[in-house]
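Structure first, commentary second.
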Amino acid sequence: MSVVTRFAPSPTGMLHLGGARTALFNWLYARHHGGTFRLRLEDTDRKRSTPEAIAAIEGGLRWLGLDWDGEIVRQSERRQRHVEVAQALLASGGAYRCYCTPEELKAMRAEARAQGRAALYDGRWRDRDPADAPPGVDPVIRFRAPREGETIISDLVQRNIKIDNTALDDMVLLRADGTPTYMHSVVVDDHDMGITHAIRGDDHLTNAFRQTQLFRALGWEPPAYAHIPLIHGPDGAKLSKRHGAVAVGAYAELGILPAAMRNALLRLGWSHGDDEIIDTAQAIAWFDLDAVNRGAARFDMEKLQSLNGHYIRESADSDLLADVVQRLAVQHPAAATDQARRRVEALLPEAKARAKTLVELADNLSFLVCDRPLAMTPKAARLLGDDGSEARARLGRLRATLQDSAAWNESNLEEAVRGFVEDEDVKLGAIAQPLRAALTGSHASPGIFAVMAALGREETVARLADAGD
RNA sequence: GACCCCUUCGUCUAGAGGUUAGGACACCACUCUUUCAAGGUGGAGACACGGGUUCAAUUCCCGUAGGGGUCACCA
């Protein structure tokens with residue numbers, strides 16, 4: 001039997017880290033087994049489902065590179081089928097009408113709570129004569145859940161877990177307005193879509209018992225379940241907005257590469273020995289559910305950034321260029337010119353090793369597209385010294401040398417500068433730092449010869465002239 | 001509160017009935033070096049606690065504590 005997994009978010013908000021990892025695991029599992037990965041929108045709650053959220057989920061998955069198979073299934077469009085199944089169950093006695101009012105249920109829960117019991121529906125309409133139905137009240141359809149014995153789910157991550165059936169109540173299948181609930185829709189859809197493996201967050205664990213009961217009542221076989229632990233914030237609490245960036249879209253803006261994100265998410269709760277850097281092809285080959293942990297993991301931004309630095313270094317310059325130019329152009333319109341683009345391109349190989357994010361990469365290259373005269377950081381200003389300082393005077397002499405030096409390329413420039421310091425009888429360090437300050441406005445930058453080469457003769461000389469002598 | 005799950009360095013994790021408890025991020029030092037990174041070398045840093053079982057437990061069992069999840073006509 002071929003594997004069929006699904007990612008089934010409710011489109012009520014952004015695609016967050018937890019959802020992204022759930023999607024990743026489902027995708028990897030399907031790809032590993034040569035199966036199918038489906039996307040299903042659980043939008044049975046029409047009020048809370050929005051087009052923006054749907055766009056965010058699709059966009060997030062695309063950004064992550066998780067492609068789904070076939071059409072997207074919208075649960076709301078399958079309502080007719082869900083209702084039919086519920087009605088059939090009602091007809092066969094597997095479900096019944098419940099006429100409780102919201103107030104009645106609320107009171108029931110409050111009382112159960114006060115007595116130290118779980119807040120469950122007590123089944124008061126389970127066997128009651130329909131003739132007792134109060135007039136003018138639209139009933140809900142409830143599942144007639146087994147009351148004796150226990151329900152066992154064999155979870156691929158959590159092992160076998162059993163629960164006493166008395167801990168579960170008769171859940172609502174159809175609301176008073178006739179619309180199906182999530183709990184019911186999931187069962188029908190998982191069955192109809194032929195889902196073989198339901199990989200989802202830990203928070204669905206108790207749902208699995210109810211859904212398993214419903215599957216059985218319908219005469220269907222439930223999928224294999226795999227409940228993966230939730231992702232927590234740095235403080236150990238459930239990930240939420242107060243932890244800062246939780247939506248995957250935010251990470252794209254922060255300059256995180258999809259490959260790094262995938263690797264980071266993969267290693268949260270899953271491992272393969274001591275391996276840390278795991279690219280997607282390798283992940284597909286290795287991924288399996290038995291290596292998934294059972295404890296919740298905290299999300300570590302530093303580790304993501306470290307991983308991201310690795311993937312930036314591994315990236316082809318051509319894959320980075322457009323993104324970096326675009327980020328630069330936000331602050332510096334000049335970055336959009338061909339000349340600026342060439343400078344960025346020339347220095348990209350050097351700059352790549354120095355950045356953990358694309359934002360940082362763009363920042364580190366911004367001096368290339370800044371207008372003259374360059375603004376100096378305090379440290380850079382100190383390197384240059386006051387007007388008439390020795391450093392400035394020396395830069396002046398260097399400028400004269402460079403003005404009509406041979407071909408303008410990195411190795412020639414290095415030769416020229418090294419020759420110059422020899423003539424001046426100083427160490428390379430004595431000229432390199434002031435030179436860096438004059439050319440970049442900063443005390444730290446990519447290799448100084450590469451910087452000169454990228455800037456070009458004209459701009460280099462002009463910046464040296466700005467530094468004065 | 002009831003039910004269910006979890007617990008190895010600060011964080012993510014590997015691990016086996018007998019190991020100097022391994023790796024990664026972060027941290028510190030050294031190194032490389034024109035700076036900053038990256039790289040290299042080294043350092044500090046963990047089996048929550050209490051009982052069992054056993055020749056031997058961090059590993060198996062039971063408790064305790066702590067953490068998490070679920071208890072809707074939300075999903």
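The analysis underlying the following values was restricted to heavy atoms, covering all of them including side chains, and did not include hydrogens, waters or symmetry mates. Everything numeric here is computed off the predicted structure, so don't read it as measured data. The sequence lines fix the lettering, A, B, ..., with proteins before strands; numbering per chain opens at 1.
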Please tell me which of the listed nucleotides, C12(B), A14(B), C4(B), lies nearest to the side chain of Ile161(A)? C4(B)
Regarding Arg109(A), tell me which of base, sugar-phosphate or nothing describes its non-hydrogen contacts under 4.0 Å with the strands shown. sugar-phosphate
Name the pairing partner of G63(B), where a pair is Watson-Crick or G-U wobble with both distances under 3.5 Å, or state none. C49(B)
Measure from the side chain of Glu42(A), starting at C-beta and using heavy atoms only, and say which of C5(B), C73(B), A75(B) lies closest. A75(B)
Select one nucleotide: of A75(B), C71(B), C5(B), the one nearest the side-chain heavy atoms of Arg113(A). C71(B)
If we call it a pair only when both distances are under 3.5 Å in a Watson-Crick or G-U wobble match, what pairs with U35(B)? none
Between CZ of Arg159(A) and P of C5(B) the distance, given in whole Å, is 13 Å
Checking A75(B), C12(B), U35(B) against the side chain of Arg48(A) (C-beta onward), the nearest is A75(B)
Just compare U34(B), G10(B), U13(B) and give me whichever is closest to any side-chain atom of Ser271(A). U13(B)
Per Arg298(A) side chain, nearest of listed nucleotides C73(B), A14(B), U11(B): U11(B)
Grab the CZ-C1' distance between Arg210(A) and U70(B) for me, whole Å please. 9 Å
Out of C73(B), C5(B), C12(B), minimum distance to the side chain of Gln158(A) belongs to C5(B)
Out of G39(B), G23(B), C25(B), minimum distance to the side chain of Glu276(A) belongs to G23(B)
Proximal nucleotide (of C12(B), C73(B), A75(B)) relative to the Pro102(A) side chain: C73(B)
From the set C3(B), G69(B), U34(B), return the single nucleotide nearest to any side-chain atom of Asp203(A). G69(B)
